[in-house]
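Here is the structure we will look at, set down as structure tokens.
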Amino acid sequence: MSINTVRVRFAPSPTGYLHIGGARTALFNWLYARGQNGLFILRVEDTDQSRSTPESVETILEGLRWLGLNWDEGPEVGGKHGPYFQMRKLERYREVAEALIANGHAYRCCCTKEELEERRRLAEKQKRPYKYEGLCRDKALPADMAHVVRFKVPQDKAGSVCFQDQVLGRICKQYADIEDFILLRNDGIPLYNFGCVVDDHDMDIGLVGRGQEHINSTFGQMLLFEALGWQAPQFAHFPLILGKDREKLSKRLHPEADLMQHRKNGILPQALLNFIVRLGWSHQNDETFTLKQMVEYFGFNHVGKTSGVWNPDKLLWLNQYWMKNLPPSEVAAALAPFLQEAGATETLVPAKVEKAVLALRERSKTLVEMARLGVCYFQKGVHMDAAAKAKHLGPESLHLLRAARERLAASDFSTAHIEAAIREVAQTWQVGLGKVAQPIRVAVTGQTISPGISETLELLGREETLARMDAALQE
RNA sequence: GUCCCCGUCGUCUAGAGGCCUAGGACGCUGGCCUUUCAAGCCGGCAACACGGGUUCGAAUCCCGUCGGGGACACCA
């Protein structure tokens, strides 16, 4: 591996499903890595013992796989910079913390959690900003007392830390506005701010791309890099994704925050990818991108600075766009499980499912809709909609249906011949095409809505079509 | 409240001082096409938050105001 290969990472914490914002962070990082011929590393930040679960890890990996975002190092694939689970390298964090204490950049803090909570409560009550103020900085600690390790922020009143953000530009914060933050909890487990810095260094990460909610913790991390004499990576902070209520998309308030919910809703991964890449990034006036194009065009210079609102209509539009533009075989493969769920009883022959996709993709926005519309082609018999029957299968149209049945029975059931047969019937009886087509449509699909009539009948096949028409004629 | 970031159509955005009487997309809407429903095609509505500068010239640069969001845990 060359020394200047860019290494970027996605570092989710496994405390639930993969959040849509996390998915976009992963995507941006992945695009950057692939575009630079770099490496994409997956790291699991599982130090929150009370909320992390193995199931969450699995869900997150599954989400990334669904999106097609493969990782070069991390869980399942390993790598030279592991372990890739933070809980598996606690000793390393302790060692770094001790080094910081030894060189005077950190200290063992004597304050108890209760004490601090009380101070916070009091400050709130008196309506003044709460500040930790380095309470225990220079106090000696009883040897057996449980303690946390805190970082010692430089005292220089006028001093400040800055970093050059790849999307936001130069950002600074005064030392006075940063508190002595905690590195290690009293059980020795590192906190995010610390584990993150140690790992980004250990894993030789060159660029950290994450959401803007992390801007403020970046200052503390910069301080840590300095104190440790390590070179800090570059940073890129991405705009947030907001819900319709303009608040940060949260798991609690916004169901659309769950990546896999979209899969259940019948959204194609390609559509989701396309949608989230355009939330905060643009390439001229382009709207649709294949993954390959995203890799080719992506860059932080065109990542926006302003938060974006989730727009379900556009997602649906993109989903239909990709249902129409991806290879039908690919869409068919994605559709099959939805047909199954919708109640298909026939064996799902790929070639036929593909035909169904071709026929239905112009009238459905999701795979769920497509399955609902298409399931009738994969069952025996028909679920007749009462209103449709009343409207189109009355006595005044039965003779047309009968005539069509006769004529169709003599057809070879190619699209062109079906079409010709129906036109012929309409002409013979001197009626509009609709008068003939609509009763047939209802007879064979049970609904007033379907693809073009010849396409529909061809999909259904001669045997099933005639059987359904006969059934309608019998009543 | 303190600190940080941001502010172009309802939404996502193009826009790097003159190419902007501000462009595209979704949505909404009028029409065409049409055997249903769609899809497609053509058209329409709709925005530079406000106030000061700088400049021959500002959506673009500076300052202020207002507005929005984020962070302020022994969560990440």
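In what follows, every chain begins at residue 1, and chains take the letters A, B, ... in the order their sequences are listed.
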Exercise. Specify the separation, in whole Å, of atom CZ of A/Phe194 and atom P of B/A76.
Key: 13 Å
Quiz item: When you compare B/G68 with B/G30, how far apart are their P atoms, in angstrom units rounded to a whole number?
Solution: 35 Å
Quiz prompt | SB check A/Arg9 A/Asp199 (cutoff 4.0 Å) | solution = no
Quiz prompt | B/S/- contact track for nucleotides 63-72 of chain B, protein heavy atom under 4.0 Å | solution = ------SBS-
Exercise. Find the distance A/Ile449:CD1 to B/A39:C1' and express it as a whole number of Å.
Key: 14 Å
Exercise. Provide the distance between the two C1' atoms, one in B/C9 and one in B/G23, to the nearest whole Å.
Key: 12 Å
Exercise. Name the nucleic acid region contacted by A/Lys435, choosing base, sugar-phosphate or nothing; use a 4.0 angstrom heavy-atom cut-off, strictly under.
Key: nothing
Quiz prompt | Rounded distance in Å between the P positions of B/U34 and B/C28 | solution = 24 Å
Practice problem: Would you indicate what A/Val309 reaches in the nucleic acid, counting non-hydrogen atoms under 4.0 angstrom: base, sugar-phosphate, or nothing? | Solution: sugar-phosphate
Exercise. Let me know the distance between CG of A/Asn301 and P of B/A14, rounded to the nearest Å.
Key: 11 Å
Quiz item: Expressed in angstrom and rounded to an integer, what is the separation of A/Glu369 atom CD from B/A39 atom C1'?
Solution: 13 Å
Quiz prompt | Whether A/Asn265 side chain and A/Ile267 backbone form a donor-acceptor pair below 3.5 Å | solution = no
Quiz item: For the residue pair A/Trp281 and A/Phe298, is the inter-centroid distance of their aromatic rings smaller than 6.0 Å?
Solution: yes
Exercise. Kindly state each residue pair satisfying side-chain hydrogen bond (donor to acceptor under 3.5 Å, both in side chains) with at least one member in residues 433-447 of chain A, sequence neighbours excluded.
Key: A/Gln438-A/Arg441, A/Arg441-A/Ser450
Quiz item: Which part of the nucleic acid does A/Ile178 contact within heavy-atom distance under 4.0 Å: base, sugar-phosphate only, or nothing?
Solution: nothing
Self-check item: Atom pair distance, as rounded to whole Å: CG in A/Leu316 and P in B/C12
Solution: 17 Å
Quiz item: Now, which nucleotide makes the Watson-Crick or G-U wobble pair with B/C72, with each of the two distances under 3.5 Å?
Solution: B/G1
Practice problem: For nucleotides 24-31 of chain B, just jot down a letter per nucleotide in 5' to 3' order: B, S or -, based on protein non-hydrogen atoms under 4.0 Å. | Solution: BBSS----
Practice problem: Quick one: label A/Gly280 by what it contacts on the DNA or RNA (base, sugar-phosphate, nothing), any heavy atom closer than 4.0 Å. | Solution: sugar-phosphate
Quiz item: Is it true that A/Arg108 and A/Glu98 have a side-chain N and a carboxylate O under 4.0 angstrom from each other?
Solution: yes
Quiz item: What integer number of Å spans the P atoms of B/C48 and B/U11?
Solution: 12 Å
Exercise. Quote, to the nearest angstrom, the P distance that separates B/A22 from B/A47.
Key: 10 Å
Self-check item: Residues A/Glu464, A/Arg468; criterion salt bridge (charged side-chain N to carboxylate O under 4.0 Å, His left out); working and verdict
Solution: CA-CA 6 Å; A/Glu464 185 66 17; A/Arg468 291 185 187 188; 2.7 Å; yes
Self-check item: Toward the 5' end of RNA chain B, by each residue's nearest nucleotide, A/Thr448 or A/Lys305
Solution: A/Lys305
Quiz item: Would you call the rings of A/His237 and A/Phe235 parallel, tilted or perpendicular if under 30° counts as parallel and over 60° as perpendicular?
Solution: parallel
Exercise. Determine the contact category for A/Asn186: base if any of its heavy atoms lies under 4.0 Å from a base atom, sugar-phosphate if only primed atoms, P, OP1 or OP2 are that close, otherwise nothing.
Key: base
Quiz prompt | Rounded distance (Å) that lies between atom P of B/A76 and atom NZ of A/Lys251 | solution = 13 Å
Exercise. Report yes or no: does A/Gln320 contribute a side-chain atom to a donor-acceptor pair with the main-chain N or O of A/Ser364 at less than 3.5 Å?
Key: yes
Self-check item: Base of B/C37 paired with side chain of A/Arg363 (donor-acceptor, under 3.5 Å)
Solution: yes
Exercise. Give one of base, sugar-phosphate or nothing for A/Ser450, where a contact means two heavy atoms less than 4.0 Å apart.
Key: base
Self-check item: Rounded distance in Å between the C1' positions of B/G17 and B/U60
Solution: 6 Å
Quiz item: Phosphate oxygens OP1/OP2 of B/G10: is one of them under 4.0 Å from a side-chain N or O of A/Lys244?
Solution: no
Quiz item: Does any nucleotide pair with B/G18 by Watson-Crick or G-U wobble geometry, both distances under 3.5 Å, and what is it?
Solution: B/C56
Quiz item: Only one of A/Tyr192, A/Phe163, A/Phe238 forms a ring pair (Phe, Tyr, Trp, His ring centres under 6.0 Å) with A/His214, so which one is it?
Solution: A/Tyr192
Quiz item: Is A/Cys172 touching bases, backbone alone, or none of the nucleic acid, heavy atoms closer than 4.0 Å?
Solution: sugar-phosphate
Exercise. Please confirm whether the backbone N or O of A/Leu400 pairs with a side-chain atom of A/Ser397, one donor and one acceptor, at under 3.5 Å?
Key: no
Exercise. Look through every strand shown and name the nucleotide pairing with B/U65 as Watson-Crick or G-U wobble, where both distances are under 3.5 Å.
Key: B/A49
Quiz prompt | Strand partner of B/A25, provided both Watson-Crick or wobble distances fall under 3.5 Å | solution = B/U11
Quiz item: Given atom CD of A/Gln174 and atom C1' of B/C5, what is their separation to the nearest angstrom?
Solution: 17 Å
Self-check item: Among B/U2, B/U35, B/C6, the nucleotide that comes nearest once only the side chain of A/Glu419 is considered
Solution: B/U35
Quiz item: Between B/C37, B/C3, B/A76, which one does the side chain of A/Asp177 approach most closely?
Solution: B/C3
Quiz item: If you measure from the C1' atom in B/U21 to the same atom in B/G67, how many Å do you get, rounded?
Solution: 29 Å
Quiz item: Within the structure shown, what part of the strands sits under 4.0 Å from A/Pro451 by heavy-atom distance: base, sugar-phosphate, or nothing?
Solution: base
Exercise. Could you check whether A/Arg361 gets within reach of a base, just the sugar-phosphate, or nothing at all, counting any heavy atom under 4.0 Å?
Key: nothing
Practice problem: Decide if the gap between the ring center of A/Phe275 and the ring center of A/Trp317 is smaller than 6.0 angstrom. | Solution: no
Quiz item: Looking for any heavy atom pair under 4.0 Å, which part of the strands does A/Thr47 touch: base, sugar-phosphate only, or nothing?
Solution: sugar-phosphate
Quiz item: Short question: side chain of A/Arg407, backbone of A/Ala420 - any donor-acceptor pair under 3.5 Å?
Solution: no
Quiz item: Partner of B/C32 by Watson-Crick or G-U wobble geometry, both contacts under 3.5 Å, or none?
Solution: B/G40
